[in-house]
Structures are given as C-alpha cells and as structure tokens.
Amino acid sequence: MTPLATLHHSTLSYPVLSLIIFLPVIGAALLALIKDEEQSRWFSLIILTLTFFFSLPLLGHFQADVLGFQFVEQHAWIPGYGMSYLLGVDGISLPLVLLTTFVGPVTVLCSWRYITHRVRECMARLLLTQGILTGVFVALDMVLFYFFWEAMLVPMFLLIAIWGGPRRKYAAVKFVLYTLAGSIFLLLAIVGLYVKAGSFSYPVMLGLHLPPTWQFWIFMALLIGFAVKIPMVPLHTWLPAAHVEAPTAGSVILASVLLKMGTYGLLRFNLTLAPAASVSLAPYLIVFSVIAILYGGLLSLAQQDIKKLIAYSSVSHMGFVTLGISVLNIQGFQGAVLQMINHGLTTGGLFLLAGMLYERTHSRELSVNAGLGRLMPGFVFFLGLYSLSSLAFPGTASFVGEFLCLSGAFKHSMRLGAWVIPGALIAAAYMFRMFLTVTWGKGGDPKLARDINLREWASLLPPALLVVLFGFYPAPILKIMNPVLEAIITRLPMEKSFDVAALISHSLHGLLN
Amino acid sequence: MFNGILPEIIISIAALFFFVCALFDYKKIFPWAVGFGVAATLANLVSLHEQHSFFHGAFMVDGFSRFFSFLICASFLLACVIAGRLRQTDQEKIGEFFFFVAIGTLGLLIVTGATELLTLFIGLEISSYPLFIVASYRKGLGFQFESVAKYMVFGAVSMAFMLYGITYMYGAFGSTFFADIIPAIPNHLDDPMAILGVILFMAGLLYKLAAFPFHFWAPDVYAGAAVEVVAFIAALPKLAAVALLVRVSSMFMGMDGLVPVLTILSILSMTLGNLMALAQNELKRLLAYSAVSHAGYIMLGLLAPGEGGLQAALFYGAVYALMTLAAFLIAIEVAGDEHDIPLENLRGLWKRSPSLAIMLAVTFISLAGLPPMAGFTGKLFLIMSVWKAGYFWPVLAAVLNTLLGSFYYLRVIKISLVGGKEEEEPLVVPVYIRPLAVVLGLLILFLGLMPGSLLNLAGAAIASL
C-alpha cells in the first residue's frame, strides 16, 4: 500500500468534516422555519461564519509532514457493494476546503441587497451549495464523491435560473447539460474502477495496477468529466454564459470553488489512478492548457461586458493551473495548487466588484461604468488590488502561483515557457484595460457613483488580506501540500510507457471487428 | 398457513365489499379503500416470513412473493390515497372503479406467487381485464375509446403471444410447473422450441412493463385514461412484471441467444423512450415514454443474475413504483378539467404549493437518475452489476441515456420552479396531500442515501427463490 493511502483517524473528539458539510445543509433545512427575509439573511450569515470557524481546527491540527489522509471518518454505508462513508483531507484538499468555507460568508454578504425576491429560498440554495462543495473536496469514497459532485448541480442550476440576469434560463440549462455530459463519463470511470478494485474507496483504488488500455480509458473518462468543470478549451463555452447570467453570489461560487473541483479531480484522481496514462497523455494536456491561456486571454481582451471579461480571464487562469499539473514536476504542481487558491480569492473578489457596479448602474457594460471608479475611492482600492493580483503582479498571491507554474513550464522545456509568457502579458493588457476604463474612462453617469458601504467592505476585505498575505508569505500552504505532491510525482513512471496512437487504433479495431 | 395469504384474502374481501357498495350505490368508499389498503399492507408484515405452497405447487408463498405482495399492497394503498377525489373519473362509477382496481390488484398478487405457467397466465388475465375496463371510466367524452381499444388490443395480442409461448415451453419441457422445468433447463439450452417459447412468453411481460417493442399502448392509454386510473396502470402492473422477469425469465438466461435479445431490447427501450419523451409537452405522455425508458433499465438487471443484477432490478422496480406514484400525485393535483395535463399547468408551482414543488423536484431528479435520489442509487446498482458481469455496451447505453433523460426531466423542474408570476393562486389540495408529498419526497431521498434496508429485503427475496 502506498503511503498516500494511509488513513489517520481524527485527533479531534468530534467529526469535524461531517460537521462542516452538514451544518450548512441542516441550516438550509431550518431556513424553512424562518419567515422573515432579513432574519433569513442573518441566519445564513451566522451559519456560514460558524462553519468557517469550525473548519479552522483543521488547519490547527493538520500534521503537515504526515502523508495520507487525516481527520478520517469511516462508517459502513452499503457494505455489500463496497461503498462506505469515508471522509478525509490531505495536503491538496485542505486548502480547498478552507477556501470553500472561507468564501461561504462572502456569498451571503454579496447577496444581501442584490437578491430582492425569494430571498429565503436563495439563502437556502447558498447554504446547500456550500455544504455540498465541501463534501466534494473531502469525500474519499468515489460514490460519495459523485453524490456531492452531482448534487451540487441542482442548487446551482436554480441559483442561476431564478436569480440570474435576462438570459438566465439559457445559461442555467447550458451549465447543467455541459456538466452532466461530462459527469456521465465520470460515472463510467468510477464504475469501471469499482469493477477492477471491488470497492469504491479511493485509498483502495490507489493500490490498483491497471493495464494500459484500462488506464487510458479511465484517464480519458475522468478527464472529460473534469475538463468540463475546469473548464478546458474547447469545453469552456458554458462558463461565460453562466458567469454573466448568474447573480453575484453564483459567480463567486463558480469562480472561487466550483472550477477548482475540476482541477482538484485532475490532480487527485487522474494522476494517481492512471499514472502511466498521465505521463503519456500529459503532452496533449499541455497543448490544451497553452491554448486556454492564450485564447482565453485574447477573448478577454475583446470583451465589453465586465463579467464576461473576468469569465474569460478565468479560462486563461485555469489554463495555468492545468499547465502546472500537466508539466508533471513539483514546481508545476505547487504552482497549480497555489493558483487554485489564488484564483479563487482574486476572481471571487473581482466578481464581487462587478456585482457592486451592477447594483449601482444596472449594467455590466464597460462603457456604462466608465469613469465611475474615480468617484468611489474605496471601490477603486479593491479593484486595483484584485486586478493586480489577477495579472500576477509581484507581491500579490497570484504572482507566486503563476511564477511557479511558469517555472515548472520552463523546467519542462524552454520552448513551452516561451509559448506561455505572452499569456502573462495579455493578462496585464486586459486587466489594465478594464481597470483604466472603470477608473478614468469617460461615459459613465457620475450620479450613479456611490462608494462601497460597510457590508461591502466586510465582503471585500478578508479575501484582499489573504491575497496580500499569500503574496508575501506562501510558505504555510506550500508546507501543507508539499509531501503529498512529492508522493504523487514519485508514483508517476519516468518514461512514457505506451503509444497512445497505437492504443486508440487498437481499441477502434476491437470496436469495429 | 392462512397467515401467508392474508394480503390476498384482505384484497379479495375488499373487492367483494366494493362490489356490494356498487350494487347499493354507496359513494363514500374512499375511507374504506384506504382502510383495506392499510390492512393489506400491514398483513404483509405478518406473512413476510411464511413459506407455503398451495394448489400442488402452483402458487408459492415465499420471501419473493411476499416482497412483491408488500410492494403491490403498499402501492395499492398509495394509489388509492392519491386518487382520493377521483377528479377525472365518472362519479357514477366510484364503486366499480374501486372494485375493478381491487380485482386487478388481486390478479397481480397471484402473478407474483405463481410457480406454474397457467396459474401465472390466469393471474395476468385477472389483472388485465379490470384495468381495461377502468381505463374507460373517463368523465365526459374524449379519446378514451381509442386509448381503451389500444390497451385492449395490444393486451390481447401480447397475451396470445404469451400463451403461445407457454404451449411451446410445455412442449419442450413436458410440464408447466417450475419445479419440473428448472431441472430440465440445462438439457434444453440450445433447443429452438424452448428458446422460441421463452421469447414469446417474454412478449406478455414486455407488454406489462411497457418495454420496446410492446410499448405502443402506453402513451395513448396514459394520455387517454383518467389520471387516477393511470396512476394504477403505471405503478402496479410494472411491479408484477418485474417479479415475473426476475422469477421466470431469469431462469432461462443461460439459453442461447437470450442475452443478446434482451440486451438489444433493453437498449432500444431506454433510448426510444427517452427520445420520444424529449418531444412531449403533456405530462402524462411524458411519463408514459419515461416508463418505456425505465423498463429498459430494469431489464438490464437480468443480464447479471450472478452479480446482484436481480437484486438491483428488484430495488429499481420498487423505487420506480414509488417515483411513479409520486409523479402521479402531482399530476392528479395539477390536472384541470381538460383532457390533457400540459406542462404549462406546472408553471408557478413553487408559488402555488411550495411543498408539492419541492416534492416534484425530488421526484424528477430521481427519475432523471441524479444523486442523491433513489433513482440514481438504483441505476448505479444496475450498471455496477451489469459491468461486473462483463457487459460494457449496455452500461454505456444506460449512462448516455441518463444524460438524454435529464433533458426533459430538468425541463419539468425548470417550468415548475423557475417560471411563473409572483402572484399565483394557491393550489387547493386535500389536507392529507401535503404531508404525504413531504413523506414521499423524504422517502425517495432516504432510499437514495440509505438504500441498505430495501436492498437487504430485495436480497432476501432473491435468496428465497
């Protein structure tokens, strides 16, 4: 058994992971009892803040130098079918879990006045999404993972479809269908792994040594499921639609946490369950990542709609994450995980700001909002900070992540590095374009400008602090994730072990004859 | 010994009672129907562990038949409760309605316990003819004649196929008793007469299950008959058909050519049902085509008898009956006086009746086969066992069909939860419907998250075969 699969039982006296999953879910159920809208807002805020505080002991009691999963909770679920209720965190999932619980209260704060009808239901959806997303990152049983993965669809669908913009139904349906189309392949892969391993437990599956054909197809099926979520070009077209139409809270959840589900899956499952296939297929992933970085950046440069601009920048940034994963070296991995966290904080913050502009001018067009920033000093402060972080300015969090991804790429090959560098440049171009237009452009109606209030400060400040903190001092996160990332690398075979083209033609041959 | 057939006895008494009520034009039958339903369901708990053989081995009381008699009695009860006011049925015919439904249920109970081919056939006939009659009890004039005619003609033809198959099987095996047939099967694995007999026999089952290619009656009957009648037709006979598939068809799965035939039929059933459902704008027709696709899923279980496929089929059958009744609860409540139930009737349901809207979302997510609902868990068990048995293509087809199905199920959810004005008139429903909807919704969720108990029951039922 690999050390990666070791299960360390919790040092805490209570089931902390179940608590942070089910506290929001129970809260969502309790919301049915609260009739008053204002009370339901406060109630959700309190529940999510509590959840965040309950998740902090994870950080305090996490043993960074121990491999394997910690805070493990294991209970029989359906024994005859190899399913169990198995939760645990390791160095990859811990930062993401904390990011999820951290973003929770922010989503309630940004919906405070934005959501004006069916408030109670909206808050219930936010709570439900929060619990389910946490579950995705801590589930170690593949069926449980798939439960959380799919259960997230319905509240998100309703969040976009009920409280979204003018084309909300189109965007919501597109989002769900894309994700479903991807996740049926995920289900296939999971059942296939079960057939081979006789259990749905991920630690058990780590002990599998699959033949190359199986590895290839498992890798492909998992990849399709995750690539839709990341989203990788060319499966990214649901993202701008969903981002543009979603309410601010929906955009924040999408950008901060939901997209990370895909890259988390790629790093966690693809690389460990199909290591030989990963090594052989990584070059293709690199190509798609580079396309995402450049193409996403160029698209972002051309947008007039602020949310669309940020959405395409997400495609580009997630390209850096997949690039970091697919160069298969430690710098790349570190960069990828850091970039996931940083992108969550930064892009979440940018969507908060876009939502605030929309609340003031009821438009997301750059030209309508041009020049308003001058009149809102507090707003511009945060816009500047988050924009700088988004373009990976030194001293902000994204710089560290992107730098590590880039150095991973350079270590992989100089030529690859040369391909990616323009991506960083384009990022500067589109972010400055937005920042300059919103701040000093001409065309906005100055009467609509109103600086951010205390509640908005409260939602913007915490992520901003972290952005700066991680920009100067990323060592704690690196320390948490290093052992597991190194263990994943050592599991990968050194050489490409099979010929992809031959394998595909062989499979086709088997299909046709 | 009579403990074992207590449910059958209670349902028979109920049928006679309703008959007398009909004679004396007594209209307040509903509480009695519920009472008999409760009694029959509870009686199953008494008879759950009984083991008896009746009529020289033609009818068996065993774990398997009691499992299904429990499900059928519970579905009978549930269908009676949701039928409640009989909104679309001719009020003059209330007594007859319950009489025929009870007789049909009795027939289904006979089918699930039959261990002799002719007893089984008679049970099927007893269950079919009353439903042909109630299918015509539609208030006012409509398409009911066409639908009843289709139901009956298709029923008669497929029953004839089945009887024909039984004669072939008798010819091949020399007996109609399962006790004699089972030991003889290994000698007839490539006997064309036996194989033909089994395939013809399956025709009757596929008709009951509304599976391809015997599904053509379903949309018209669903759309034409009164909605409370459809609730019965959609749930109860399906359970008996699943019982027959598992008890009878699975005996013959080792025969030459049966596995490919079944695989192809199940894939076609899933795919065609889903494709046709995509285009529907009427709730009952949509549910009819969805029934066709679900029949395909259930048939998958037969491919993997050794890997828990039968157990999974039982589980899925039970869950399917539950989901169908839940869906028809909503259909009955939103049905207007007009003939159809357009999906537009669901618009604004979240405002008109929030609890029904949430229950509808739960039910349709479950029908679509998305976690964490029971429909997903059932499908997962099915595809797990089928893949374990070594069949990949049916698994792929089932998974792709889940995607296809979610298009129209999600559309229903979207219409009922998303659209609509802020000011809608609240839906007037009987007092017991709202708590019932909550309970059904929770039950679907519970079976999705904690399928263990039902799965164990299904496993015990299979083990008693």
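All of these numbers come straight from a predicted model, not from anything done at the bench. To find a chain, count down the sequence lines: A is the first, B the second, and so on, and within it residues start at 1. Scope of the values below: all heavy atoms of this structure, side chains included, with no hydrogens, waters or symmetry mates.
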My understanding is that only one of B:Ser416, B:Ser353, B:Ser355 makes a side-chain contact (heavy atoms from CB on, under 4.5 Å) with B:Leu360; could you say which? B:Ser416
Assess A:Arg125 against A:Trp163: is NZ or CZ under 6.0 Å from the centre of the six-membered ring, and within 45 degrees of the ring's axis? no
I want to know whether [X] and [Y] have ring centres closer than 6.0 Å.
| X | Y | answer |
| --- | --- | --- |
| B:Phe381 | B:Tyr316 | no |
| A:Phe145 | A:Phe269 | yes |
| A:Trp238 | A:Phe175 | yes |

Could you walk me through whether A:Leu188 and B:Val395 pass side-chain contact (heavy atoms from CB on, under 4.5 Å), step by step? CA-CA 8 Å; A:Leu188 269 183; B:Val395 171; 3.7 Å; yes
Would you mind writing out the side-chain donor-acceptor pairs for residues 244-251 of chain A within the sub-3.5 Å range, not counting sequence neighbours?
residue: A:Glu245; atom: OE1; partner: A:Arg167; partner atom: N; Å: 3.0
residue: A:Ser251; atom: OG; partner: A:His243; partner atom: O; Å: 3.1
residue: A:Ser251; atom: OG; partner: A:Lys307; partner atom: NZ; Å: 3.2

What do the steps show when you test B:Ser290 against B:Tyr409 for side chain to side chain donor-acceptor pair (under 3.5 Å), and what is the final call? CA-CA 9 Å; B:Ser290 114; B:Tyr409 292 121; 3.2 Å; yes
Counting heavy-atom pairs under 4.5 angstrom with chain A, the leader among B:Lys388, B:Arg411, B:Met384 is B:Met384
Chain B heavy atoms under 4.5 Å from [X]: which part of the residue, side chain, backbone, both or neither?
| X | answer |
| --- | --- |
| A:Ile78 | side chain |
| A:Phe200 | side chain |
| A:Phe147 | both |
| A:Leu180 | both |
| A:Phe157 | side chain |
| A:Leu158 | side chain |

Donor-acceptor pair, distance only, cut-off 3.5 Å: does the side chain of A:Asp141 make one with the backbone of A:Leu86? no
Return yes if some donor-acceptor pair links the side-chain N/O of B:Ser269 with the main-chain N/O of B:Ser266 below 3.5 Å, else return no. no
Within residues 364-378 of chain B, which positions have a heavy-atom distance to chain A below 4.5 Å? B:Ile365, B:Leu370, B:Pro371, B:Pro372, B:Phe376, B:Thr377
Which atoms of B:Leu400 approach chain A - backbone, side chain, both or neither, heavy atom under 4.5 Å: both
